[in-house]
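Structure first, then comments.
Each chain gets a letter, A, B and so on, in the order the sequences are listed, and its residues count up from 1.
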Amino acid sequence: MREAYIAGVAMTDIGWHEEDPHDMGARVCAAALRDAGLTPSRVEGLISTPHGYMTGARKMITQRMAGYLGMECGLMLEIDSGGNSSSVAVHIARDRIRQGGINSCLVFAAQRETPPKEIRGDVVGHFHLIKDANSLYDSYQAAYGVISPLPFYAMAIQRYMHLYGITPEDIARVAVLLREHALKHPQAAYKEPLTLGEVLESKILTPPIHRHESSEMHDGAAALVVVSGELVKDEGRAVRIAAIREAHDATSFIPYRGEISRFPCVGRAARGALDESGYSIADVDVAEVYGAFAGMEPMMYEELGFFAPGEAPAAIEEGRTTHGGEVLINPSGGRLSLGHPAYVTPLLEFVEVVRQLRGEAGERQRLGASVGLVHTEQGFINGSIVAILDRLKGQDAGAR
Amino acid sequence: MDTRPYMQDRAAEEFFSRLERGSFQTTRCLACGETHYPPRIVCPACLGEDMEWVDLPREGTLVAFTQQSDAIRCRRPDVLGLVELEGIGNVITRIDAPFEELRIGIQVAFATWTSPDGVALHQFRPLE
Ligand SMILES: [Zn+2]
């Protein structure tokens with residue numbers, strides 16, 4: 001079967017933006033195509049996602065972009081699969097290219113949320129958005145007024161800490177480390193250092209989650225150009241999608257059976273992708289992991305197979321997941337400190353791993369990185385996608 | 001401002017209207033005998049559509065608990081928790097006790113709760 005490569009990447013700065021999401025999307029689409037050395041006339045597939053969760057709906061986002069940039073496509077989709085949406089898009093792009101139906105696919109996501117401050121300032125005027133948020137959850141969860149997944153994550157983290165004797169300091173340390181990573185990323189939402197004391201003294205939102213341990217909903221956009229080998233213009237910069245695997249559990253938010261601090265879909269996706277790629281987890285040099293809360297990061301590292309259950313917090317403390325460690329996890333700063341526009345987040349993860357494998361990650365470069373992993377999730381980690389990326393054979397392992 | 005939750009399926013509507021009358025019940029499939037929680041109008045085990053309503057256990061084990069900061073109801077100081085009913089599974093519910101006094105693993109018992117905005121729900125209370 002044909003291979004599929006990521007030939008172009010682009011992202012905006014992450015933060016709170018005034019710019020219309022269509023315009024953010026147009027800018028990253030153009031930048032990713034320039035990066036790939038392609039023109040809009042060479043784009044054969046276009047896939048996007050909604051512009052946010054609390055926005056009111058704008059339809060036909062993908063079609064509008066095709067008209068705006070002049071792309072005559074053989075595939076056009078708008079995917080809403082929660083936090084996985086834009087990685088589902090990459091999965092479909094890769095499969096369609098491998099099957100030979102198309103030679104190129106532009107994947108983009110652009111998010112601009114209604115600012116929480118604006119909603120809190122006029123709850124009555126925004127109540128339709130609050131009820132929409134409530135309706136994400138089934139009737140038994142929604143009845144208790146739930147409007148975010150925070151209470152579910154809080155209970156999972158509480159159980160994880162209970163089962164393995166994990167301390168509040170262990171969790172807070174993850175937020176500190178991700179902030180250290182983000183300080184090396186010029187496009188990250190957060191620019192100020194963060195101390196362990198500041199995390200532990202920050203307000204408890206939903207116990208045991210502190211404010212600095214919970215990612216905020218940010219705005220931003222990102223795009224990837226996925227192509228077949230014949231459209232790779234610069235072999236030195238193309239990154240192969242060696243494998244990608246999607247796995248879901250039969251749950252929607254809180255599971256009604258079983259241990260709520262375990263997420264079996266993550267391991268199934270990881271093992272499936274690693275098997276398909278021929279690599280083992282120990283071969284992974286750099287990983288971007290979707291942990292929207294500091295307490296979820298160690299659980300995800302364990303489910304992916306980097307560490308045994310309960311052992312990730314000690315590994316993080318020993319420096320095994322940062323620069324100089326055995327695997328560099330979330331060099332971008334992760335969801336907590338790069339920032340988290342949820343529909344865009346999977347693409348931001350791909351952008352970071354591609355930059356690392358190209359040797360273009362600047363101050364946060366892992367030297368010689370040749371195998372990368374991207375993990376994304378949806379809901380309460382009810383479904384996961386894991387992709388394995390590598391460099392073309394014979395590429396120079398050093399930083400450029 | 002209508003704060004009532006959307007009832008997104010018929011079995012849920014029935015569950016909460018039974019709860020309003022003090023019953024804590026779920027569905028059992030008449031064809032294969034499988035008990036479901038949450039209740040269903042179709043049986044995931046045999047795909048049958050004929051159900052009876054049966055009582056759920058009224059005592060269980062506290063699996064986890066927290067407090068919501070932003071929520072339509074059941075906000076801090078209210079406690080939101082997950083209670084495991086033996087042979088049934090996890091039930092999301094209000095816990096009728098101060099947060100600081102709770103521990104994972106304690107036994108709790110069913111009670112009804114009417115939220116300040118008038119929604120009839122269930123809660124569980126620590127056993128003496
Ligand atoms: Zn049945």
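- A/Y256 and B/H36 are not linked by any side-chain donor-acceptor pair at a separation below 3.5 angstrom, with hydrogens and angles left out of the test.
- There is no contact between B/R75 and chain A, counting heavy-atom distances below 4.5 Å.
- Only the backbone of A/Y137 comes within less than 4.5 Å of a heavy atom in chain B; its side chain stays farther off.
- Here the side chain of B/R94 pairs no donor or acceptor atom with the backbone of A/Y144 at under 3.5 angstrom.
- Both the backbone and the side chain of B/P39 come within less than 4.5 Å of a heavy atom in chain A.
- Considering A/Q158, A/M155, A/R159 in turn, A/M155 is the only one that fulfils the side-chain contact (heavy atoms from CB on, under 4.5 Å) rule with B/L82.
- Interface summary for chain A: among B/P38, B/A71, B/S69, the most heavy-atom pairs under 4.5 angstrom belong to B/P38.
- Only the side chain of A/I254 has a heavy atom closer than 4.5 Å to any heavy atom of chain B.
- Between the side chain of A/R257 and the backbone N or O of B/I88 there is at least one donor-acceptor pair closer than 3.5 Å.
- Contact annotation for A/I209: neither backbone nor side-chain heavy atoms come within less than 4.5 Å of a heavy atom of chain B.
- By a heavy-atom distance cut of under 4.5 Å, A/H162 are the residues of residues 161-172 of chain A near chain B, going up by number.
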Quiz: residues 98-105 of chain B side-chain donor-acceptor pairs under 3.5 angstrom, not counting sequence neighbours:
residue : atom : partner : partner atom : Å
B/R103  : NH1  : B/E100  : O            : 3.2

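- With a 4.5 Å cut-off on non-hydrogen atoms, B/T93 touches chain A through its backbone and its side chain both.
- B/V91 does not touch chain A: none of its heavy atoms, backbone or side chain, sits under 4.5 Å away.
- Contacts of A/S148 with chain B are absent, with no heavy-atom separation under 4.5 Å from either backbone or side chain.
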